[in-house]
Every structure is written in C-alpha cells, then in structure tokens.
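Letters go in sequence order (proteins before strands), and every chain restarts at 1.
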Amino acid sequence: DTEVTQTPKHLVMGMTNKKSLKCEQHMGHRAMYWYKQKAKKPPELMFVYSYEKLSINESVPSRFSPECPNSSLLNLHLHALQPEDSALYLCASSRLATGTQYFGPGTRLLVL
Amino acid sequence: ELKVEQNPLFLSMQEGKNYTIYCNYSTTSDRLYWYRQDPGKSLESLFVLLSNGAVKQEGRLMASLDTKARLSTLHITAAVHDLSATYFCAVDGGATNKLIFGTGTLLAVQP
C-alpha cells in the first residue's frame, strides 16, 4: 500500500463552523505533513509531525489545530476560519524526517 | 533563508520538441525533488536527486543536479500531450525535511 488518503475531498464551511480534515497512511511512515496550496501557487508547509510529535509549526494561526493520534493518522481541526483560508489542503508522509514525501489527493476547502 | 526559483513559469511547446526547466536554489541542500501536479490533483513524485552530478531518467523526462551551481534541470525529450501539467522542484531545507517548493512551471504541450 503506497497511498496517502484524505477525507473529505471537498468541504464547504461557514466562518463559525468547526470541522476536521483527516489523513491516513499505512506505509509505516513516521513523518507526516500538512500543506496549504492556493490556486496557481506552490504548496506551503504548515505542520510537520515526526514520530507523532509536532516538530514544525510554520507560524500557522491557532484556528488551525493539528493532531496526530497515532503513527498512521493525522488530523487538522478547523475553527473560525476566514474566507482567505479557502485552499487545497494536502497531507503528505515520508519514511523518516528525510526522504521523499508522498502526497494525498487533498481536501478542497471553501470558507464562506 | 532558502529560496527556490524556477523558470520559465509557463512553457508552451509543440509535440515532438525538446525543452528544459530550470530550478535554482539559494543555499546548500542535500536533496532536491521534482514533482508533477495535474490540474485539480495532488502532487506526484517524479525524481529525488541526492548528490552532485546525479542524473535520473523516466520516459521522456530526465532530471539532473549540480550542487555547486545550486541548479537542477528537468529536460523534456520529444514532448507529448500527456506531459502537460505543472512541474515543481522542491529543495530540502535541512534536517527537518522542510520542503521549499519552487514557483512551478506550467507546461502545455500543443498537438
């Protein structure tokens, strides 16, 4: 299994809603990542988890809250988002803190 | 701060032609990656280049790395329409595996 899965594929939420994005991999990778990608732009790193511990937070606003319940799962909890947070949110994983990152299909988020 | 630049930003080419995409980065790095992204889709890993002079080839794509010049190239040979996509290079920012992506090159192969 060489796949990173993400749910949901699409999400529309209001600015007062609370929602969560989910990412899962069964490749035994011990590093997992959240990226944000706006249209026609490269992905921007948000968070890195290494061995289920948060190792990098790229000064992301607190309305984004990551969680790594176990080595296969990564969540991104969303609360009180702004319309400018609308983007494609990509999850990735890699074997260790170095190595090729494999990306999931993404969740396309629209904040109204 | 590590910066990664790609050029061109947009490339329109005819089928059967050859062309090269360039990726320059500002500080020393151990690893350079090339990814492909189709419209509305995720990123697909193409190549990882780990050392000076590394060259990798897959089909009509060939990537190379010159760490002294801090330059990687992605060469397209005899382009076909199926290669139309956005291509990103990404450089490892250090031990934390923080990837810094280039601006991307939108490749459109015309029949």
Side-chain angles (χ1 to χ4, degrees), chain A residues 2-10 21 23-25 27 29-51 53-60 86-110, chain B residues 1-11 21 23-25 28-51 54 56 58 63 65 72 74 85-108:
Chain A
T2 59
E3 193 178 18
V4 177
T5 60
Q6 288 186 245
T7 55
K9 291 184 179 180
H10 302 276
L21 309 184
C23 173
E24 193 165 5
Q25 57 88 14
M27 295 180 278
H29 289 175
R30 302 311 299 271
M32 296 184 76
Y33 312 79
W34 281 115
Y35 288 86
K36 173 182 177 179
Q37 186 179 26
K38 302 283 272 184
K40 301 187 188 302
K41 297 291 186 183
E44 294 179 350
L45 182 67
M46 300 174 72
F47 303 103
V48 180
Y49 273 83
S50 181
Y51 292 90
K53 293 191 186 324
L54 183 65
S55 59
I56 294 179
N57 176 341
E58 288 291 291
S59 302
V60 179
S86 299
L88 180 67
Y89 287 84
L90 294 163
C91 173
S93 71
S94 63
R95 179 185 290 188
L96 295 170
T98 59
T100 299
Q101 295 182 24
Y102 295 92
F103 285 80
T107 293
R108 192 161 297 281
L109 173 68
L110 177 62
Chain B
E1 181 186 349
L2 174 60
K3 293 186 178 179
V4 183
E5 294 181 349
Q6 276 180 248
N7 68 82
L9 296 182
F10 177 70
L11 177 56
I21 299 170
C23 173
N24 290 90
Y25 53 100
T28 303
S29 175
D30 294 335
R31 284 168 291 276
L32 188 138
Y33 303 86
W34 284 96
Y35 285 90
R36 167 182 172 149
Q37 187 173 36
D38 291 298
K41 304 291 186 181
S42 188
L43 281 82
E44 173 190 356
S45 174
L46 295 175
F47 303 108
V48 53
L49 303 167
L50 300 176
S51 61
K56 290 199 174 176
E58 180 74 33
L65 178 62
S72 179
L74 181 66
T86 298
Y87 292 84
F88 290 101
C89 65
V91 178
D92 190 331
T96 56
N97 203 24
K98 174 179 172 178
L99 282 188
I100 307 298
F101 282 83
T103 47
T105 296
L106 175 58
L107 174 66

Practice prompt. Might you point out which heavy atoms bring B:G102 and A:P42 nearest each other, and give the distance in Å?
Written response: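 Minimum heavy-atom separation between B:G102 and A:P42: O-CB, 3.2 Å.
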Worksheet entry | Heavy-atom closest contact (A:L88 atom, B:K41 atom, distance) |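 Answer, listing the atom of A:L88 first, then B:K41: CD2-O, 4.2 Å.
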Worksheet item: B:S45 versus chain A, heavy atoms under 4.5 Å apart: side chain, backbone, both or neither?
Response: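 Side chain only.
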Practice prompt. Please state whether the side chain, the backbone, both or neither of B:E44 comes within less than 4.5 Å of a heavy atom of chain A.
Written response: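 For B:E44, neither part sits under 4.5 Å from chain A.
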Worksheet item: Is any side-chain heavy atom of B:L99 less than 4.5 Å from a side-chain heavy atom of A:Y35?
Response: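 Side-chain contact under 4.5 Å: yes.
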Worksheet item: Taking atom CD of A:Q101 and atom CG of B:D92, what is their separation to the nearest 0.5 Å?
Response: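 Output value for this atom pair is 8.0 Å.
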Worksheet item: What is the distance from atom CD of A:Q37 to atom CZ of B:F88, rounded to the nearest 0.5 Å?
Response: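 CZ of B:F88 is found 5.0 Å from CD of A:Q37.
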Worksheet item: Is it true that a side-chain atom of B:S42 and a backbone atom of A:G106 form a donor plus acceptor pair closer than 3.5 Å?
Response: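 Not confirmed, B:S42 side chain does not pair with A:G106 backbone.
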Worksheet item: Between A:K40, A:K41, A:E58, which has the largest tally of heavy atom pairs under 4.5 Å with chain B?
Response: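 Answer, by heavy-atom pair count under 4.5 Å with chain B: A:E58.
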Discussion item. Heavy-atom pairs under 4.5 Å with chain B: which of A:P105, A:P43, A:A39 has the most?
Written reply: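 Ranked by contacts with chain B, first place is A:P43.
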Worksheet item: For A:Y49, what residues pass the ring pair (Phe, Tyr, Trp, His ring centres under 6.0 Å) criterion, not counting sequence neighbours?
Response: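 A:Y49 satisfies ring pair (Phe, Tyr, Trp, His ring centres under 6.0 Å) with no residue once adjacent residues are dropped.
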Worksheet item: Just wondering, more than 12 heavy atoms not from A:E24 lying within 6.0 Å of its CD?
Response: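 Yes - once you tally the heavy atoms of other residues, nucleotides and ligands closer than 6.0 Å, there are more than 12.
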